[in-house]
Structures are given as C-alpha cells and as structure tokens.
There are 2 protein chains.
Amino acid sequence: MNLKQLSHMLALSQTTVSRALNGYPEVNEETRRRVIDAAKRHGYRPNPSARRLATGKTGMIGYVLPTGAAVEIDPHFVEFLSGLGDYARSHELDLVLSPADADDQETTYRRIVANRQVDAVYISSPRPVDRRVALLNTLGIPFIVHGRSEGFGFDYPFTDIDNEGAFHEAARLLIQLGHRRLALINGDDRETFAIHRERGMRRALTASGLTLGERHICSVTMTEENGYRAARRLLEQSEPPTAIACSSLIMALGVVRAVRDLGLTIPGDLSLIAHDDVFPWLKPENFSVPLSTTRSSIRLAGARVAERLAARISGLEEGARGEVWPVDLVVRGSVAGAP
Amino acid sequence: MNLKQLSHMLALSQTTVSRALNGYPEVNEETRRRVIDAAKRHGYRPNPSARRLATGKTGMIGYVLPTGAAVEIDPHFVEFLSGLGDYARSHELDLVLSPADADDQETTYRRIVANRQVDAVYISSPRPVDRRVALLNTLGIPFIVHGRSEGFGFDYPFTDIDNEGAFHEAARLLIQLGHRRLALINGDDRETFAIHRERGMRRALTASGLTLGERHICSVTMTEENGYRAARRLLEQSEPPTAIACSSLIMALGVVRAVRDLGLTIPGDLSLIAHDDVFPWLKPENFSVPLSTTRSSIRLAGARVAERLAARISGLEEGARGEVWPVDLVVRGSVAGAP
DNA sequence: CAAAAAGACCAAAGCGCTTTGGAAGACTCT
DNA sequence: AGAGTCTTCCAAAGCGCTTTGGTCTTTTTG
C-alpha cells in the first residue's frame with residue numbers, strides 16, 4: 001500500500017493525501033480525517049526510503065563506533081545506550097552505529113554527513129580540543145556531546161556531569177576526615193572527564209594546603225586489573241595514601257582486592273570513594289565494605305542526550321547551550337577518619 | 001557530485017556510469033577504468049538514499065533493542081557489539097538499533113522489515129520456541145540467531161556455543177575431584193543458554209549417579225548482587241554444596257563475596273567454576289583466587305554473526321545451518337578436591 | 001558475403017515520497 | 001457586481017539512483 005494507491009482509493013491527489021498525513025494546514029479538516037482514517041485502516045506507512053530521498057530526513061541518530069582489535073568498548077556505553085533507547089523508542093527514532101577505525105573516525109563522520117545517513121549524531125568520551133567536535137561543527141549537522149571538550153574558539157551543545165565538583169567534594173570530605181595523603185586512580189587522562197576529576201581533587205587539596213603528588217595519581221583504562229595494579233603501586237610506597245578516590249566501580253573492585261592482598265582494611269587503613277555510573281549489575285552498597293561514591297546515572301544522561309538530539313532535529317532546540325548535572329556524594333562505610 | 005553530473009563530465013550516460021561502477025559486464029574495460037578513475041578523483045559517492053529507493057538494499061544490519069525502565073541491557077551486549085563492529089567496519093556495514101518496548105518487539109520487527117530498513121537482522125538471548133525466530137522466518141528477511149531456540153518445526157541459522165558441553169565438562173571435573181553436592185547458579189532459565197547449561201550439568205551428575213536437587217539450583221538475572229544472594233542461600237543450607245558452577249563472572253564476584261562473608265574459603269570449602277565471556281575489564285585470573293572458567297569469547301561470536309549476516313545478504317550463504325562452537329575449560333586455583 | 005551474435009552504449013521508466021506553482025471555487029469587501 | 005482574499009485541492013517536477021528494453025557497431029559464422 002503506497003501513497004499512489006491510497007490516494008486513488010480516496011479519489012484525492014497524492015499531494016493532498018501527503019499533506020493531510022503530515023499535518024499541513026491547507027487541507028480541510030474533514031478531508032484530513034477521512035485520509036487519516038483510511039490510512040490507518042489500510043495500514044499505510046510511508047516508505048522511509050522514499051521519504052528520505054525526498055526530504056533528506058532519516059529519523060535516525062548516529063554514533064560512530066570506534067572499533068579495532070585493540071579497542072575495547074567499555075561497559076558504560078551499554079548503560080548510556082539503555083537510556084538513549086528509552087527515549088528514542090518513544091519518538092520513533094532509530095540509532096545507527098557506524099563502526100570506524102579508531103584512528104580514523106573522521107572519514108566515517110564525513111561519510112554519514114555527506115550521505116545524509118542520520119539527522120543528528122552524538123559524541124561520547126570527548127577529549128580536550130576534540131577533533132570530532134570541531135569537525136561536526138564545520139559539517140553543520142546537529143549534534144550533542146556527552147561530556148565536554150575544551151579549548152575551542154566556539155561554543156557547542158553538550159550534556160555533562162560536574163566531574164570537577166564531584167571529586168572536589170569527595171576530596172573535601174576526605175580532608176575533613178583528617179586525611180592528608182590522598183591519591184587518585186583516574187581513567188585515561190586524555191579524556192576530559194578525567195582531567196576535570198583531577199582538577200577538582202587538586203582544588204580541594206590546594207585549598208587545604210595539600211598537594212596531589214605525581215606519585216599519588218594514576219591514569220589508566222578502567223579495568224579491574226588496572227585498579228588492582230594502581231592500588232598496589234600506591235599502597236606499597238614509602239608514604240602510602242590513606243585515602244583513594246577512584247574513577248570507576250570496576251577499578252574499585254581491583255582496589256579492594258589489592259587492599260585485601262596487602263593485609264590492609266577498608267576503612268581502617270584506607271578510605272575509598274569511587275565514581276558510580278549506576279550499573280544495575282554492580283552496586284557500591286554491595287561491596288564487602290559498602291562503597292562511598294560520587295553518583296550519577298549514565299542511563300539518565302543517555303535519555304537526556306536523546307531528548308536533546310530529538311529537539312535539535314525538530315528545531316525546538318538551537319544554539320550551543322551546555323548543561324552540567326550535579327553529582328551526588330553518597331557516603332557509605334568505606335570512608336572513615338585518617339588512621 | 002551526483003551521477004548525473006559525473007556522467008555529464010564523462011560524456012557518458014548515467015546507465016553506463018552506474019554499470020561501470022557496479023561492476024556489470026556489459027561495459028568496456030577501458031571505459032570502466034575511466035569512470036572509476038573520474039569517480040575517485042571527484043569523490044563521487046552514490047547517494048545511499050537513492051540507491052535504497054531503487055534497489056531496496058540498505059547496507060545495514062538491524063537489531064531490535066528491548067528497552068523500558070525495567071529493562072537492563074547487559075554488559076555482554078557491548079562485547080558482542082565490539083566483535084560485530086570489527087567485522088562490519090571492514091565491509092562498510094552499519095548497524096541500526098531499533099529500540100522497542102520489551103513486551104512488544106513484534107511490531108518493531110514488522111516495521112523494519114516492511115519498511116526495508118535493514119538487509120538482515122540478528123537475534124540474541126533467544127528462548128525456546130522464541131517468537132522472534134518464528135516471526136523472522138515468516139517475514140523472510142535474512143537473519144542469524146546468536147544462541148539457539150528450540151522446538152520449531154523448521155530449521156534456522158544460528159551461531160551458538162556449546163553451553164551444555166561446557167557445563168557438562170565443568171561438572172565432570174568437579175565430580176572427578178570428589179565433589180558430590182554440586183550447585184548451579186544460572187542465568188534466567190527462560191533463556192535457552194541457561195537451560196542448556198543446566199542440562200549439561202544434570203547429564204554429568206546423572207552419569208555418576210548424582211542429582212541436582214531443587215535446592216541446589218538458582219536461576220536469576222546475572223548481577224553481582226544476585227550472585228551473592230544465591231550463594232548465601234546455597235551455602236547456608238543444612239547440606240551445602242561443596243562446588244558451584246556459575247553462569248557469569250559478574251555473579252561469581254558475588255559468590256566470592258558471600259563465601260568470604262560466611263568465613264569460608266575457596267577452594268578449601270568450596271570449589272567454583274564460572275562461565276567467562278571474556279571481558280577486557282574483568283578477568284578470571286585476577287580474582288582473589290584465580291577462577292576456573294568455561295571460556296568463550298563473545299566478541300568473536302559477534303564478529304562471526306556479522307560475517308554470516310554479510311554472507312547471507314550477498315547470497316553467499318543459504319540454508320539453515322546452525323553452528324556450535326566448543327567451549328574451553330580453563331582450570332585455575334578455584335577448584336580443588338572435595339573437603 | 002549475408003545473417004547472426006556479441007559488444008558497448010543509451011534513453012527513459014521506475015522506486016515512493018515531498019513540494020512547488022498553480023487553479024478553481026467560495027467568500028469578503030467596497 | 002467586480003476585485004481581491006481565502007480555502008482547498010491538484011498536476012507535475014523533483015530527489016538520485018538502478019534497470020529495462022532498446023539501438024548501433026563490430027565481430028563471428030556457415
């Protein structure tokens with residue numbers, strides 16, 4: 001059942017039927033009702049390929065997925081996706097993942113824009129002065145950055161959480177508890193979120209006349225194993241930290257294991273706070289010692305990004321507004337006064 | 001730069017240029033070279049929307065993503081996706097995720113097929129007599145099932161691992177080590193993989209005159225917390241198991257925590273084997289006691305599924321061949337003789 | 001050497017939709 | 001009553017590609 005057939009049945013032109021269905025004003029309400037009714041009754045669905053060709057609109061949002069044998073998509077992605085999907089579903093949007101060589105994503109971005117394959121895209125895990133942001137800005141496709149980039153001469157729309165504030169608060173809490181030697185086990189410090197967290201922590205320390213020494217900071221990809229290694233490295237120093245802030249729950253697993261291996265205890269010998277993106281399958285309150293966290297649902301962020309993308313596509317949102325969400329500090333048993 | 005312009009420059013018809021580019025035989029090799037050369041020089045890329053409309057081919061593979069507030073996409077998905085992306089990239093295939101109400105995926109499947117939105121789809125986490133399989137079989141779109149369904153009157157193409165064999169081997173090992181009371185912490189037993197694992201374990205036990213009692217089997221969604229709860233329930237019985245097989249590493253985390261909470265040790269009081277899908281961020285050898293596993297890379301499976309989908313799209317693969325991959329049994333410190 | 005076959009190319013008809021540029025009729029206004 | 005304005009609808013022109021059904025040469029064949 002296509003438009004031609006439908007308009008034939010109704011003894012109307014394709015024009016009128018198309019307009020009736022798409023809510024154009026220049027069609028009699030009575031006629032519109034008839035058309036809509038007939039369309040529903042015959043199960044007419046406009047062919048998206050044809051519509052795309054005619055309008056350029058695709059009803060899809062894009063994401064360039066870095067791939068390669070050495071590339072690991074981290075599990076945060078899937079939670080983010082859950083949220084994105086929640087929203088996208090209610091708005092009949094699909095998501096297209098375009099796999100790209102991790103070292104050459106630009107080609108893929110150019111392709112999907114040139115080919116009009118999607119109406120908008122989002123970017124995740126941005127770095128400072130991220131080339132993707134500059135590129136999309138140039139290409140002129142609607143986009144949202146999940147996270148933040150820095151150091152451009154222009155503004156761009158993003159949704160981020162207050163990583164700096166979160167780790168500032170975390171550090172401040174630890175300092176108030178009497179800790180003087182804090183350490184940070186961070187994610188990849190080429191990414192903005194990691195830089196912000198470090199900055200927040202530094203700010204809190206500086207305010208109290210303390211510092212975050214080179215020996216007290218690790219920056220690694222966020223795996224359990226790296227958390228373990230980092231913790232061992234930190235704790236086996238001559239002047240080990242008495243508190244650690246950690247950028248992910250998965251790394252925190254490794255930290256806890258290291259602490260145990262070294263015959264130490266939490267929070268007796270070490271206070272621990274980690275950032276929690278809220279995974280359904282791993283909860284901080286279920287750690288052997290309930291884990292204090294800075295918490296922000298990455299799933300909600302996914303839904304929000306989808307919402308903004310939809311708004312930009314339909315022209316409801318314009319401009320380069322960035323939004324920063326506050327982060328909860330949730331105190332549980334893993335922090336205590338300095339030993 | 002579109003076909004019209006390009007053919008104009010070359011003083012050829014659109015027909016010939018199109019054919020030259022698409023490898024049709026009825027064009028002079030010399031001409032073809034000229035065309036291909038000019039196309040490359042001018043960066044001509046056929047507009048996919050137009051091509052879609054004309055051919056119905058989209059160059060995309062589809063996946064219906066169940067969503068909803070209560071739905072958790074599990075982290076296996078992202079690893080699978082990595083593999084899929086690896087392969088898809090090298091073949092210029094994109095993946096479109098169509099979010100659907102978890103309770104009504106059928107509508108979405110019908111939509112993407114009716115609209116010709118993708119060339120092929122895959123299904124994951126199938127259940128016995130999975131309606132999706134029957135549906136796709138009816139709709140006649142190429143598809144591959146990752147996992148297996150059962151109890152149809154027809155065959156269908158799938159790629160699965162030997163879950164039954166894996167857990168059979170695991171149980172056999174434990175029995176050989178003298179264990180008599182085995183338990184199983186399984187995934188959702190409405191899914192085929194879980195049924196197969198249970199079946200494998202039962203088969204091994206039966207062969208040795210043992211049984212898997214109702215009290216020694218748990219079936220839960222695979223979270224750390226559920227692993228913990230299940231383990232406590234099992235171990236606090238009057239006749240607790242001396243060995244547990246567990247369907248995921250994430251649940252195994254919970255099991256280990258429970259064992260510790262109860263003041264027991266692995267493998268002294270309890271032997272533990274878990275299934276490992278090979279996550280880069282959580283490795284069995286890094287458990288406090290290195291974990292024995294049944295191992296199969298879900299990422300490789302993703303690549304394989306993509307490969308088969310591509311083959312089916314291009315007509316290289318036909319028929320309903322199912323393939324079952326063997327699973328490695330990797331013995332590490334977490335298993336020992338029965339206490 | 002005429003007839004048949006093969007080779008190389010093209011014009012035009014789709015694919016199914018949106019949108020432009022009217023046109024016909026009904027209505028208002030002086 | 002004639003001019004101007006809405007309202008409502010339509011024919012036809014795209015969108016950019018593939019594919020059908022040729023035509024015109026050139027080569028092969030009996």
Side-chain angles (χ1 to χ4, degrees), chain A residues 1-36 38-39 42-60 92 111-119 313-315, chain B residues 1-36 38-39 42-60 92 111-119 313-315:
Chain A
M1 167 69 42
N2 58 20
L3 187 60
K4 197 171 183 178
Q5 296 167 30
L6 184 65
S7 52
H8 226 96
M9 316 198 96
L10 288 161
L12 286 169
S13 74
Q14 295 190 34
T15 311
T16 304
V17 176
S18 169
R19 294 202 147 135
L21 258 22
N22 292 324
Y24 280 66
E26 61 263 66
V27 48
N28 192 321
E29 276 310 318
E30 153 75 29
T31 314
R32 188 194 304 280
R33 214 179 314 280
R34 254 180 67 219
V35 170
I36 289 177
H42 294 87
Y44 168 74
R45 297 275 270 163
N47 178 322
S49 300
R51 171 176 269 168
R52 282 176 72 147
L53 182 57
T55 63
K57 291 286 176 194
T58 63
M60 305 187 137
E92 297 238 337
R111 187 194 87 208
I112 64 180
V113 171
N115 289 349
R116 299 252 146 74
Q117 296 199 133
V118 295
D119 295 336
I313 289 172
S314 59
Chain B
M1 166 69 42
N2 59 20
L3 187 60
K4 197 172 183 177
Q5 295 168 30
L6 184 64
S7 52
H8 226 97
M9 318 198 94
L10 287 162
L12 285 169
S13 73
Q14 294 190 35
T15 310
T16 304
V17 175
S18 170
R19 294 204 146 133
L21 257 23
N22 292 325
Y24 281 64
E26 59 264 69
V27 47
N28 192 321
E29 275 311 318
E30 152 75 28
T31 313
R32 187 193 305 279
R33 214 179 312 281
R34 254 180 67 220
V35 171
I36 290 177
H42 294 87
Y44 168 74
R45 296 275 270 165
N47 177 322
S49 300
R51 170 177 270 169
R52 281 175 72 147
L53 182 58
T55 63
K57 290 286 176 194
T58 64
M60 305 187 135
E92 297 238 336
R111 186 194 88 209
I112 63 179
V113 171
N115 289 348
R116 297 254 147 73
Q117 297 200 132
V118 295
D119 295 337
I313 289 172
S314 60

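Proteins come first, then strands; the chains are lettered A, B, ... in the order of their sequence lines, and each starts at number 1.
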Measure from the side chain of [X], starting at C-beta and using heavy atoms only, and say which of [options] lies closest.
| X | options | result |
| --- | --- | --- |
| B:A54 | D:dC9, C:dG14, C:dC9 | C:dG14 |
| B:L53 | D:dG16, D:dC9, C:dC9 | D:dG16 |
| A:A50 | C:dC10, C:dG16, C:dG21 | C:dG16 |

When you measure from the side-chain N and O atoms of [X] to the phosphate of [N], is any distance below 4.0 Å, counting only OP1 and OP2?
| X | N | value |
| --- | --- | --- |
| A:S13 | D:dC10 | yes |
| A:T16 | D:dC10 | yes |
| B:N47 | D:dC17 | no |
| A:Y44 | C:dC17 | yes |
| B:Y24 | D:dT19 | yes |

State the CG-CD distance between A:N2 and A:Q14, to the nearest 0.5 angstrom. 7.5 Å
For the CZ atom of A:R52 and the CG atom of A:D119, what is their distance to the nearest 0.5 Å? 8.5 Å
Do the side chains of A:R32 and A:E29 get close enough for a salt bridge, i.e. N-O under 4.0 angstrom? yes
For atom [atom1] of [X] and atom [atom2] of [N], their distance in whole Å:
| X | N | atom1 | atom2 | answer |
| --- | --- | --- | --- | --- |
| B:K4 | C:dA12 | NZ | C1' | 12 Å |
| A:R51 | D:dG16 | CZ | C1' | 19 Å |
| B:K57 | D:dT18 | NZ | C1' | 14 Å |
| B:N115 | C:dC15 | CG | P | 17 Å |
| A:H8 | C:dG16 | NE2 | C1' | 16 Å |
| A:L3 | D:dA11 | CG | P | 13 Å |
| B:R45 | D:dC15 | CZ | C1' | 19 Å |
| B:E30 | C:dA8 | CD | C1' | 13 Å |

Would a distance-only check, ignoring hydrogens and angles, find a side-chain to backbone donor-acceptor pair under 3.5 Å from [X] to [Y]?
| X | Y | result |
| --- | --- | --- |
| B:N47 | B:S49 | yes |
| A:R19 | A:E26 | no |
| B:N115 | B:Q117 | no |

Distance-only donor-acceptor test, B:T15 side-chain atoms vs D:dT19 base atoms, 3.5 Å: yes
Checking all strands, does [X] fall into the base, sugar-phosphate, or nothing category for heavy-atom contacts under 4.0 angstrom?
| X | result |
| --- | --- |
| A:T31 | sugar-phosphate |
| A:T55 | sugar-phosphate |
| B:A20 | nothing |

Find which nucleotide of DNA chain C each of B:R32 and A:N22 is nearest to by heavy atoms, and output the residue with the more 5' nucleotide. B:R32
Both A:E26 and A:N2 contact DNA chain C. Taking the nearest nucleotide for each, which residue is further toward the 5' end? A:N2
